[in-house]
Colleague: 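If you scroll down you'll find the structure; I have some questions about it.
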Amino acid sequence: MTSFFNSTLYRKTMARFWPLWALYGVIWVFAVPLNLMNCYFNALRWGQGVSQAQAELLDRALELPDVLMVGLFLSVVCGVLAAMAVFGYLYNNRAACTMHALPVRREALFWSNYLAGLSFLLLPQLAAALMGAAVELALLPPAEWGQALSALGTLFLAQSGTALFFFSFAAFCAMFTGHLLALPAFYGILNGLVISVYFLVTSLMDLFFFGYPGMRADGPLVRYLTPVYALGEACQWQTAYSDSGEALSRSLESPGTVAAYAAAGVVLAVLALLVYQRRHVESAGDVVAVPLVRPLFRYGVAFCVGLCFGVCTAAFFNWTEALPMSLCVILWGVVGCFAAEMLLKKSFRVLKYWKHALAVAAAMTLLCAAFAMDWFGIENKVPDAGAVSSLTLDLDMGYPYDKARSYSGEVTDPDQIRKVVDLHRAIVQDKDRVDQNSDGYQPGEDAIYFSVTYTLTSGATLERRYYSVPIYQDERDLEGSITWQAQQFIQDRELVEDQYGFDQCEEGRLVEAYLTDLYQLYENGSRQEQSRRYLDGITGEELEDLWQAVRADFRDGTIGVRYLFEDQERMDNTYRTDLTFSFEITSLGVRGQTVVRGRELTITLTPNAQRTLAWLEEFSGLGERYELRPHTPSEEPEEEEFPLDMPMTVEVLDTKG
């Protein structure tokens with residue numbers, strides 16, 4: 001290995017591309033040693049003592065790994081630039097023939113250039129780390145050296161691991177092409193290939209399958225085969241704090257992931273050498289230099305172009321039927337196949353390769369047919385309630401429009417899980433009528449949305465989303481129908497109470513309450529709509545009595561009742577007026593500091609909420625100073641003209657006066 005560093009090829013390569021090396025090094029010099037020195041001397045400049053300056057320097061030193069996010073970006077970009085610099089001779093016929101005519105084995109030629117490129121990325125980091133260590137040793141007391149140097153070492157090792165992987169990956173890509181501009185294209189595409197293909201396939205499935213949720217790139221396979229994604233998560237610098245706000249420990253989110261990618265970089269370097277040993281010198285100038293990879297390139301480009309442009313074209317024209325979507329995908333797949341042939345043959349005369357395009361068209365037709373006929377049972381897949389350990393649910397909870405307008409949360413109760421599964425199964429069984437893209441679609445009197453993510457006992461997950469599912473009033477008593485199942489769910493008082501969040505609100509301090517959408521009454525008998533009215537001037541004990549009155553009415557079932565339809569029953573049993581409680585909840589922040597946040601609970605008032613209405617009449621002047629707005633037109637008196645000289649719209653109510 002020492003002979004490589006001392007070789008003429010290595011030294012000449014390093015000398016030729018020293019500007020790249022210098023630019024990369026300057027970035028790290030500013031990021032580490034100069035950053036530390038600036039923190040220390042800036043504290044002294046503002047009149048702080050040496051001990052305070054050392055404390056700030058230690059904090060800065062311990063947070064140095066935060067720059068790994070910037071370092072990851074540098075590794076991605078500079079990795080391919082270094083590969084283009086050291087392996088650029090492969091993309092010019094004269095340079096390639098000259099280099100390979102030298103009395104040097106290909107192994108030596110490869111390792112000399114590989115190590116030169118890797119040196120561009122590692123040596124500046126090493127120099128910056130050594131200078132940073134010198135600053136810390138010179139300015140910090142010995143008792144703090146261990147913490148500071150440990151964080152600096154973590155930064156250096158993690159950054160080196162990412163640099164090793166991305167440069168090795170770029171070198172691996174460099175072996176498969178004979179064109180300089182194709183290298184960064186291949187490198188960028190392959191870095192995001194898995195997540196891109198996943199997005200394209202799931203987007204197509206979203207168009208074909210009723211209820212399919214579309215792209216969710218949170219699977220482990222998608223993450224780990226997308227290096228920037230996985231390393232971006234792994235390089236997060238996490239700090240744990242005590243209740244008093246003191247930092248207890250700092251660590252990398254996943255050092256094992258960084259180490260695994262560094263090991264993968266070594267494997268990619270060896271694979272790049274194996275490809276380089278069999279690479280033809282005459283391939284300089286070819287987009288794909290390895291003949292074995294050309295069919296993969298041709299059909300891969302056709303597949304990606306077909307999915308990408310096919311899905312985009314169908315979405316642009318709002319074509320949701322299976323036939324036009326399939327035709328878009330097939331047509332663009334054929335176009336992509338011919339485009340790939342043009343790149344491979346370096347010619348526009350590619351129509352004679354129609355057999356390749358025919359194979360692509362057949363494959364795309366088969367794929368679309370599988371989706372259109374649902375050969376894999378994706379659209380009708382509903383798990384058994386017994387196979388579900390928990391689920392996350394978003395469901396329309398009907399009317400009125402208050403805090404419980406929609407349910408969003410985790411469900412673990414077996415009976416509630418069964419209700420969700422039964423509703424899901426009812427939607428799937430009636431999909432021909434409730435799917436807007438179906439020929440048998442029938443709009444209902446209203447509609448709900450339903451989104452569920454199951455966590456199965458096997459550890460797998462299943463997600464489905466349904467928007468604007470029609471519900472029908474004449475099916476409220478039809479057992480097993482969508483309307484009946486939704487009605488069963490919104491009548492579950494435990495779920496409704498959980499969505500209002502009474503218990504969570506009581507963890508905080510009740511600070512105020514106000515009414516919205518009501519009538520203000522005046523002495524001359526006139527009235528006017530009022531958007532908001534604060535219940536001001538009452539004691540905390542009286543405000544607590546109002547809260548307890550609402551809770552008692554809820555337990556009696558006279559408030560917080562949900563209605564599936566905006567019909568006469570809902571109008572007769574609810575007001576337009578809402579009552580909102582405001583709470584202050586105190587908690588500890590991520591750094592241990594005290595955080596005060598607000599929380600509001602809005603509940604629609606009803607004519608049957610006797611305790612709540614009695615409190616409002618006694619303490620806030622209900623019936624004397626204001627009226628609640630009813631829904632039913634027959635009960636809503638005609639509004640009188642509001643005098644011009646009378647103040648209006650939002651008034652703070654003094655309930656004591």
Side-chain angles (χ1 to χ4, degrees), residues 1 4-29 70-102 104 106-128 159-191 227-228 265-266 268-273 275-277 279 281 283-290:
M1 186 65 67
F4 285 138
F5 287 101
N6 293 329
S7 67
T8 302
L9 283 175
Y10 174 82
R11 287 186 280 108
K12 286 186 175 181
T13 304
M14 294 294 291
R16 285 178 59 197
F17 302 106
W18 67 265
L20 177 63
W21 188 16
L23 176 62
Y24 188 72
V26 166
I27 294 175
W28 282 108
V29 167
V70 178
L72 180 63
F73 171 77
L74 291 175
S75 295
V76 173
V77 175
C78 294
V80 68
L81 292 178
M84 293 172 68
V86 297
F87 293 111
Y89 68 92
L90 293 174
Y91 311 132
N92 181 277
N93 282 316
R94 181 178 299 177
C97 292
T98 300
M99 292 293 290
H100 291 93
L102 297 174
V104 181
R106 284 205 173 191
E107 292 82 356
L109 188 60
F110 174 83
W111 287 119
S112 294
N113 288 284
Y114 176 84
L115 293 176
L118 191 60
S119 298
F120 292 155
L121 305 179
L122 298 188
L123 291 182
Q125 295 172 31
L126 178 60
Q159 181 61 29
S160 298
T162 62
L164 171 62
F165 172 78
F166 284 108
F167 174 71
S168 298
F169 190 68
F172 179 74
C173 296
M175 299 301 108
F176 288 90
T177 182
H179 199 285
L180 183 63
L181 296 181
L183 171 56
F186 287 172
Y187 173 79
I189 291 172
L190 292 177
N191 262 298
V228 177
V266 176
L268 287 172
V270 175
L271 293 177
L273 172 62
V275 176
Y276 184 64
Q277 288 174 331
R279 176 191 172 101
V281 178
S283 62
D286 293 342
V287 173
V288 179
V290 180

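Everything numeric here is computed off the predicted structure, so don't read it as measured data.
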Colleague: What residues form a side-chain contact (heavy atoms from CB on, under 4.5 Å) with Val275, not counting sequence neighbours?
Modeller: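 Once residues adjacent in sequence are excluded, the partners of Val275 under the side-chain contact (heavy atoms from CB on, under 4.5 Å) criterion are Met175, Phe176, Val290.
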
Colleague: Is there a donor-acceptor pair closer than 3.5 Å between any side-chain N or O of Tyr91 and the backbone N or O of Leu181?
Modeller: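 Checked: no pair found.
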
Colleague: Where is the tightest heavy-atom contact between Phe169 and Leu190, given as atom of each residue plus distance?
Modeller: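 Closest pair (atom of Phe169, atom of Leu190, distance): CZ-CB, 3.6 Å.
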
Colleague: Considering only residues two or more places apart or on different chains, which pairs with a residue in residues 168-191 satisfy side chain to side chain donor-acceptor pair (under 3.5 Å)?
Modeller: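 Output for this query lists Tyr114-Ser168.
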
Colleague: Give the minimum heavy-atom separation between Leu72 and Phe166, together with the two atoms involved.
Modeller: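 Looking at all heavy atoms of both residues, the closest pair is CD1-CE1, 3.6 Å.
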
Colleague: Apply side chain to side chain donor-acceptor pair (under 3.5 Å) to Thr162 and list each qualifying residue two or more places apart in sequence or on a separate chain.
Modeller: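 Side chain to side chain donor-acceptor pair (under 3.5 Å) list for Thr162, sorted by chain: Ser75.
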
Colleague: State which residues pass side-chain contact (heavy atoms from CB on, under 4.5 Å) with Asn93; sequence neighbours excluded, sorted by chain then number.
Modeller: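 In terms of side-chain contact (heavy atoms from CB on, under 4.5 Å), with neighbours along the sequence ignored, Asn93 is linked to Ala284.
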
Colleague: Verify, without hydrogens or angle tests, whether Asp286 (side chain) and Val288 (backbone) share a donor-acceptor contact under 3.5 angstrom.
Modeller: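 Looks like no, no N/O pair under 3.5 Å.
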
Colleague: Please set out all donor-acceptor pairs under 3.5 angstrom arising from side-chain atoms of residues 76-89, sequence neighbours excluded.
Modeller:
unit_1, atom_1, unit_2, atom_2, d
Tyr89, OH, Tyr276, OH, 2.8

Colleague: So how far is it from Leu164 CG to Leu122 CG, rounded to the nearest 0.5 Å?
Modeller: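 Spacing of CG (Leu164) from CG (Leu122) equals 7.0 Å.
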
Colleague: Measure across Leu273 and Glu107 and return the closest heavy-atom pair with its distance rounded to 0.1 Å.
Modeller: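 Looks like CD1-CA, 4.0 Å.
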
Colleague: Measuring from Thr98:OG1 to Asn92:CG, what's the distance to the nearest 0.5 Å?
Modeller: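 CG of Asn92 is found 8.5 Å from OG1 of Thr98.
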
Colleague: How close do Ala170 and Leu183 get, heavy atom to heavy atom, and via which atoms?
Modeller: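 Heavy atoms only, the tightest pair is O-CD1, 3.6 Å.
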
Colleague: With Ser160, which residues qualify under side chain to side chain donor-acceptor pair (under 3.5 Å), at least two apart?
Modeller: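 With sequence neighbours excluded, Ser160 shows a side chain to side chain donor-acceptor pair (under 3.5 Å) to Gln125, given in chain and number order.
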
Colleague: What closest approach, in Å, do Ala96 and His100 show between heavy atoms, and which atom pair accounts for it?
Modeller: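 So the minimum-distance heavy-atom pair works out to O-ND1, 2.7 Å.
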
